[in-house]
Protein chains: 2
Amino acid sequence: MTDDRLSTIFAALADPTRRAILARLAEGDATVNQLAEPFSISLPAISRHLKVLEHAGLITRSRTAQWRSSSLQAEPLREATAWMDRYRQFWDESFSRLDVHLRRIQSEEEKP
Amino acid sequence: MTDDRLSTIFAALADPTRRAILARLAEGDATVNQLAEPFSISLPAISRHLKVLEHAGLITRSRTAQWRSSSLQAEPLREATAWMDRYRQFWDESFSRLDVHLRRIQSEEEKP
DNA sequence: ACGTTAATTAACGAGAATGTTAAACAAAGG
DNA sequence: CCTTTGTTTAACATTCTCGTTAATTAACGT
């Protein structure tokens with residue numbers, strides 16, 4: 001199957017190490033060594049994870065001297081959330097019947 | 001790495017066929033054959049996708065005679081969204097500095 | 001009982017993901 | 001220059017993932 005953008009994003013998020021890296025980056029930019037520190041896996045492994053995150057657009061990277069700093073870019077998370085929002089009516093208790101109806105109508109209109 | 005619940009959910013969502021199946025189920029319950037119809041892949045392949053979705057809690061299944069009906073359960077999407085919400089401040093333009101500050105404070109307090 | 005319909009399991013293969021260690025590259029700094 | 005520090009690339013092993021076809025299970029209808 002075609003590996004669209006959403007697939008790349010979700011696949012990137014499917015790994016606990018990568019999610020932990022994103023959590024760390026939420027506190028501020030960090031170098032590869034800093035990101036690797038909490039984990040018991042090798043540096044090359046972290047390096048690959050960062051490449052996956054970068055490819056998904058979840059981080060950007062900059063170089064200063066021999067250090068490569070990673071920076072969180074949460075925009076893809078917004079896209080993922082936007083996709084999930086289509087299903088909000090299926091879990092959100094506060095959704096009234098009218099809300100659901102209006103959503104259904106709207107999604108019908110969006111189809112053509 | 002440990003395959004926690006969130007990983008299972010994101011991994012399930014990483015496949016376009018599975019997301020299309022969820023989209024179909026949002027319109028109503030369906031049998032395996034009905035779900036397979038739009039795709040050019042074999043029935044066993046669909047069957048496996050359904051097992052992945054079921055394992056992630058994204059669908060439940062019931063049997064009536066020889067038909068197996070799948071039903072959307074979006075609760076895992078709520079969990080996934082909840083996780084992503086921690087990063088909302090990194091993409092949501094409408095987030096004020098105060099909001100961000102309060103979120104930061106709160107997440108600090110949550111830290112035992 | 002027997003055949004039909006619906007779906008799953010079994011057995012297999014190609015390719016992707018994740019990890020390792022060893023070697024290479026890049027920049028800083030004596 | 002040559003070494004140290006930070007990071008990536010290469011080469012490889014192992015384990016998933018996703019697909020296939022063939023066989024099997026389950027329930028219905030005659």
Side-chain angles (χ1 to χ4, degrees), chain A residues 1-22 24-25 28-72 76, chain B residues 1-25 28-72:
Chain A
M1 268 284 155
T2 4
D3 187 41
D4 58 338
R5 180 158 178 71
L6 226 30
S7 294
T8 307
I9 295 167
F10 281 130
L13 296 176
D15 186 283
T17 302
R18 285 195 289 265
R19 288 200 308 280
I21 288 174
L22 294 180
R24 166 64 186 80
L25 290 176
D29 295 3
T31 67
V32 179
N33 267 300
Q34 288 170 337
L35 291 173
E37 197 269 323
F39 303 103
S40 55
I41 60 178
S42 68
L43 225 39
I46 297 292
S47 192
R48 283 163 176 279
H49 280 307
L50 291 176
K51 197 175 287 180
V52 172
L53 289 170
E54 187 176 25
H55 184 239
L58 285 159
I59 64 170
T60 52
R61 316 183 72 185
S62 60
R63 154 168 265 154
T64 314
Q66 68 263 61
W67 295 277
R68 297 222 160 185
S69 184
S70 293
S71 184
L72 183 64
Chain B
M1 265 287 151
T2 3
D3 186 39
D4 58 337
R5 178 155 178 72
L6 227 31
S7 295
T8 307
I9 295 166
F10 282 129
L13 296 175
D15 186 284
T17 302
R18 286 195 288 265
R19 289 201 307 280
I21 288 174
L22 293 180
R24 167 62 187 79
L25 290 176
D29 295 2
T31 66
V32 179
N33 267 299
Q34 289 171 337
L35 290 172
E37 197 271 322
F39 304 104
S40 55
I41 62 178
S42 67
L43 224 39
I46 297 292
S47 194
R48 282 162 179 277
H49 280 308
L50 292 177
K51 198 175 286 182
V52 172
L53 290 171
E54 186 176 26
H55 185 238
L58 285 159
I59 63 171
T60 53
R61 316 183 72 185
S62 61
R63 154 169 265 155
T64 313
Q66 67 265 59
W67 294 278
R68 299 219 162 185
S69 184
S70 293
S71 183
L72 183 64

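Each chain gets a letter, A, B and so on, in the order its sequence line appears, and its residues count up from 1.
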Looking only at side-chain N and O atoms, does A:His49 come under 4.0 Å of OP1 or OP2 in C:dG19?
yes
Taking 4.0 Å as the cut-off, does a side-chain nitrogen or oxygen of A:Ser42 come that near to OP1 or OP2 on C:dG19?
no
With rounding to the nearest 0.5 angstrom, report the CG to CG distance, A:Leu50 to A:Leu25.
7.5 Å
Let me have a per-nucleotide readout for nucleotides 5-12 of chain D, 5' to 3', with B, S or -, counting only protein heavy atoms under 4.0 Å.
BSBBB-B-
Starting the side chain at C-beta, find the nucleotide from C:dT20, D:dC18, C:dA28 nearest to B:Arg18.
D:dC18
Whole-Å distance between [N] [atom2] and [X] [atom1]?
X: B:Leu53; N: C:dT8; atom1: CG; atom2: P; value: 12 Å
X: B:Glu54; N: C:dT8; atom1: CD; atom2: C1'; value: 12 Å
X: B:Phe39; N: D:dG19; atom1: CZ; atom2: C1'; value: 14 Å
X: A:Phe10; N: C:dA17; atom1: CZ; atom2: P; value: 17 Å

Okay, side chain of A:Thr64, backbone of A:Trp67: is any donor-acceptor separation there less than 3.5 Å?
no
I'd like to know if the side chain of A:Arg18 reaches the main chain of A:Leu13, judged simply by a donor and an acceptor atom lying under 3.5 Å from each other, with no hydrogens or angles considered.
no
Minimum heavy-atom distance between B:Ser70 and B:Arg61, given as atom pair plus value
OG-NE, 3.7 Å
For residues A:Arg48 and A:Ile41, determine if any side-chain heavy atom of one lies less than 4.5 Å from a side-chain heavy atom of the other.
no
Side-chain contact test, heavy atoms from C-beta onward, threshold under 4.5 Å: evaluate it for B:Leu58 versus B:Val52 and give yes or no.
no
